[in-house]
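Before any comments, here is the structure.
Predicted model, so just to flag it, every value in this text is computed and none were measured. Residues take their numbers from the sequence shown, with the count starting at 1.
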Amino acid sequence: MGSSSEGNRRHSVLGLLAVCIATIMLPVSLTGSSVAMPGVAAEFHNSLAAGQWIVNGYDLTFAAFMLTTGSLADLFGRRRLFALGNAVFAVCSLISAVSTGIVTLDVARAIAGIGAAAVLTSGSALLASLFQGPALARAFSVFGAAVGAGLAFGPFIAGALQTSFGWRAIFLVPAIAGAVVLALSFLLPESSDPEGKTVDWPGMISFTGALATLIWALLEGPQSGWGSPLNVTAYVLCAALLVAFVVVEGRRRHPMFDLSLFRQPQFVSLCVAVVSLVFGFTPLLVYLPSYLTSVNSESTFHAGVDLLMLTVPTLVFPLITGYALRWIPIRHMVTLAVALTAAGTAWLVVIAPGASNWLVLGPFLVIGTGVGVSFGVMDGAAVASVEPSRAGMAAGMFNTMRLAGEAIAIAVVGSLLVSLTGSQLTGRLAGDSALRGAAPAGLADQLNQGQLAAALRSVPQGSKAALTSVAEASYTGALHEVLWILAGFCALAAVLVATVGARSAKRAAEQPPAAADAPVGGAESAPTPA
């Protein structure tokens with residue numbers, strides 16, 4: 001009996017270690033790929049859109065395959081899919097590290113995203129099978145800390161690797177970590193769900209196709225023209241696939257995406273909140289390194305250190321929020337998280353060429369605090385907004401919305417930045433007779449890849465200072481416009497969340513006690529930990 005207990009304890013510890021190592025690598029791989037973009041562009045001389053697919057391809061497949069890999073884990077075994085996901089992630093990371101062209105790198109990153117989805121979904125399910133009772137709550141708190149650590153230190157780690165060893169090291173380290181986790185996974189017990197449902201292939205294909213065509217159109221818009229036949233066709237195809245997805249899911253007995261949840265105002269408001277949060281936060285992790293390397297001539301390591309001001313609060317505040325929920329209702333915390341992100345994003349317009357860390361410390365901390373607060377409450381609020389029998393479905397849908405929002409946010413902000421930078425350059429270059437020969441579109445691409453120095457090599461020595469000034473001002477102006485747009489979006493979302501939450505709380509207070517106990521809409525206290 002003692003031997004069996006000791007074996008279970010060893011399996012639990014090994015499982016937690018393996019899942020946490022793998023989980024740390026997932027956000028590191030996302031933010032690291034954005035840090036690698038300038039180095040990749042310098043070596044491969046790729047277009048901006050091709051470079052953005054290093055990030056978007058990974059995030060797109062990560063989001064689109066979350067629900068599918070979760071179903072596969074239940075059907076075929078959590079440990080088996082965890083091992084397979086790590087193998088795919090490690091091999092594709094290794095291919096990324098040794099790739100000799102942008103197409104190979106982009107394809108490898110997209111397939112790595114599928115592996116990452118399998119790792120995250122099967123890893124969390126594996127923990128649920130290895131731990132019970134209070135130990136399960138402790139295991140998931142460690143799991144959450146691993147996610148926060150990867151997000152907080154990802155840009156710093158990637159910057160240090162690129163500065164010391166080059167951009168390929170950013171993909172090589174996750175490959176090594178994935179291989180270690182793969183070896184550990186073979187020491188773990190298998191578990192599956194005998195009641196597991198079949199995979200919703202029509203829903204998965206239509207959803208993934210719609211998301212892929214939308215992001216492709218958003219990325220290619222600045223290059224081929226927003227009204228080009230190819231771009232318009234992509235939007236039409238996206239709309240058709242979305243309609244097909246709604247029809248397919250409405251007819252299935254066990255849909256991948258239960259669309260009836262979107263008839264619940266509180267759940268919808270939380271989905272809007274999480275999308276606004278990722279719009280206000282994730283694109284900053286992806287595109288600020290390029291801005292800092294282009295405009296402030298910082299190394300990627302220095303840019304990663306600067307971003308710690310933005311990311312470290314996301315590691316600290318989930319723990320603080322957990323205690324604060326004893327006194328503050330969830331709906332107020334969600335509203336606060338979105339409002340802080342809106343305020344911080346608006347405040348960040350102080351960023352400019354040569355801006356000191358002290359100048360941007362305030363907005364970085366405010367945004368990081370808002371996102372950190374959301375990490376502590378959003379998932380619990382989403383689950384509490386529906387009846388208990390649909391809690392798992394709500395959690396899966398909510399995380400899919402979050403990751404899909406990330407993928408779309410990165411594409412939208414990237415397209416806005418290059419379009420607005422190009423517009424600002426066109427106006428400023430036209431006003432300077434000495435610089436009228438410069439190509440605004442090409443310069444905008446290079447700026448958004450952190451390649452201002454490369455752009456200046458083909459410019460006569462006497463014009464370099466003038467072009468540098470124009471380029472920095474244009475890029476900064478475009479960034480400011482994007483920040484105002486994001487701040488406005490987050491502010492509207494905060495108003496929506498506050499309004500819906502207040503109405504739900506009022507409705508719950510007016511209901512009889514038995515009805516008010518049901519978990520509708522405005523959950524007023526933190527959900528009890530497992």
Closer than 3.5 angstrom, by distance alone: can the side chain of Thr213 be matched with the main-chain N or O of Ala210 as a donor-acceptor pair?
yes
Taking the side chain as everything from C-beta on, heavy atoms only, tell me whether Val274 gets closer than 4.5 Å to Ser374.
no
Using side chain to side chain contact (heavy atoms under 4.5 Å, CB included), reason through Tyr287 and Ile410 one step at a time and then give a plain yes or no.
CA-CA 9 Å; Tyr287 296 116; Ile410 293 169; 3.3 Å; yes
Which atoms form the tightest heavy-atom contact between Cys490 and Ser276, and what is the distance?
SG-O, 3.3 Å
From CD1 (Ile367) to CG (Leu340), nearest 0.5 Å
10.0 Å
With a 3.5 Å distance limit and no angle check, can you tell me whether Asn56 reaches the backbone of Gln52 through a side-chain donor-acceptor pair?
yes
CG of Leu425 to OG of Ser474, rounded to nearest 0.5 Å, is 4.0 Å
Test side chain to side chain contact (heavy atoms under 4.5 Å, CB included) on Phe281 and Glu406; report intermediate values, then the result.
CA-CA 9 Å; Phe281 179 69; Glu406 280 188 3; over 6 Å; no
Looking only at heavy atoms, the pair that brings Ser96 and Leu105 closest together is CB-CD1, 3.5 Å
Verify side chain to side chain contact (heavy atoms under 4.5 Å, CB included) between Thr104 and Val98, making sure each step is shown before the conclusion.
CA-CA 10 Å; Thr104 303; Val98 301; over 6 Å; no
Mind checking whether His302 and Leu292 have side chains closer than 4.5 Å, heavy atoms only?
no
Quick one: CG on Leu359 to CZ on Phe364, what's the gap to the nearest 0.5 Å?
10.0 Å
Just to verify, which of Thr335, Leu492, Val272, Leu336 counts as forming a side chain to side chain contact (heavy atoms under 4.5 Å, CB included) with Val497?
Thr335
Residues Val28, Val173; criterion side chain to side chain contact (heavy atoms under 4.5 Å, CB included); working and verdict
CA-CA 10 Å; Val28 168; Val173 168; over 6 Å; no
How close do Ser99 and Phe44 get, counting heavy atoms only, and between which atoms?
O-CZ, 3.6 Å
Rounded at 0.5 Å granularity, tell me how far CG in Leu348 sits from CG in Leu310.
8.5 Å
Any heavy-atom pair between the side chains of Val305 and Phe156 that's under 4.5 Å?
yes
Side-chain contact test, heavy atoms from C-beta onward, threshold under 4.5 Å: evaluate it for Ile54 versus Ile102 and give yes or no.
yes
Indicate yes or no: at least one non-hydrogen side-chain atom of Thr300 is less than 4.5 angstrom from one of Trp167.
no
Is the ring pair Tyr291/Tyr475 parallel, tilted or perpendicular, if the boundaries are 30 and 60 degrees?
perpendicular
Would you give the length of the straight line joining atom SG of Cys271 to atom CZ of Arg402, rounded to the nearest 0.5 angstrom?
10.0 Å
Closest heavy-atom contact between Pro363 and Gly344?
CB-O, 3.5 Å
Main chain of Leu26, side chain of Ser29: is a donor-acceptor contact present, judged purely on distance under 3.5 Å?
no
Which heavy atom of Thr61 sits nearest a heavy atom of Gly57, and at what distance?
OG1-O, 3.0 Å
When you compare the side chain of Leu483 with that of Leu284, does any pair of heavy atoms fall below 4.5 Å?
yes
Validation row: Leu315, Phe153 side chains within 4.5 angstrom (heavy atoms)
yes
Distance col, row Trp216:CH2 vs Leu211:CG, nearest 0.5 angstrom, shows 15.0 Å
Could you check if a side-chain atom of Phe279 sits within less than 4.5 angstrom of a side-chain atom of Thr345, using non-hydrogen atoms only?
no
Would you say Ser164's side chain and Leu161's backbone share a donor-acceptor pair under 3.5 angstrom?
no
Is a donor on one side and an acceptor on the other found under 3.5 Å between the side chain of Asn296 and the backbone of Pro353?
no
Say whether, by atom type as modelled, one donor and one acceptor occur between the side chain of Thr163 and the main chain of Ala160 under 3.5 angstrom.
no
Answer yes or no: is there a donor N or O on one side and an acceptor on the other, between the side chain of Thr311 and the main chain of Leu307, under 3.5 Å?
yes
For Phe262, does the CZ atom sit with more than 12 other heavy atoms under 6.0 Å from it, leaving out its own atoms?
yes
What do you reckon, are the aromatic ring centroids of Tyr58 and Phe62 less than 6.0 Å apart?
yes
Ignoring hydrogens and geometry, is there a side-chain-to-backbone donor-acceptor pair from His480 to Ile351 under 3.5 Å?
yes
Between the side chain of Thr23 and the main-chain N/O of Ala146, is any donor-acceptor distance below 3.5 Å?
no
Whether the side chain of Ser34 engages the backbone of Thr31 through a donor-acceptor N/O pair (distance < 3.5 Å, no angle test) should be reported.
yes
Closest non-hydrogen atom pair between Cys92 and Ile111, with its separation
SG-CG2, 3.4 Å
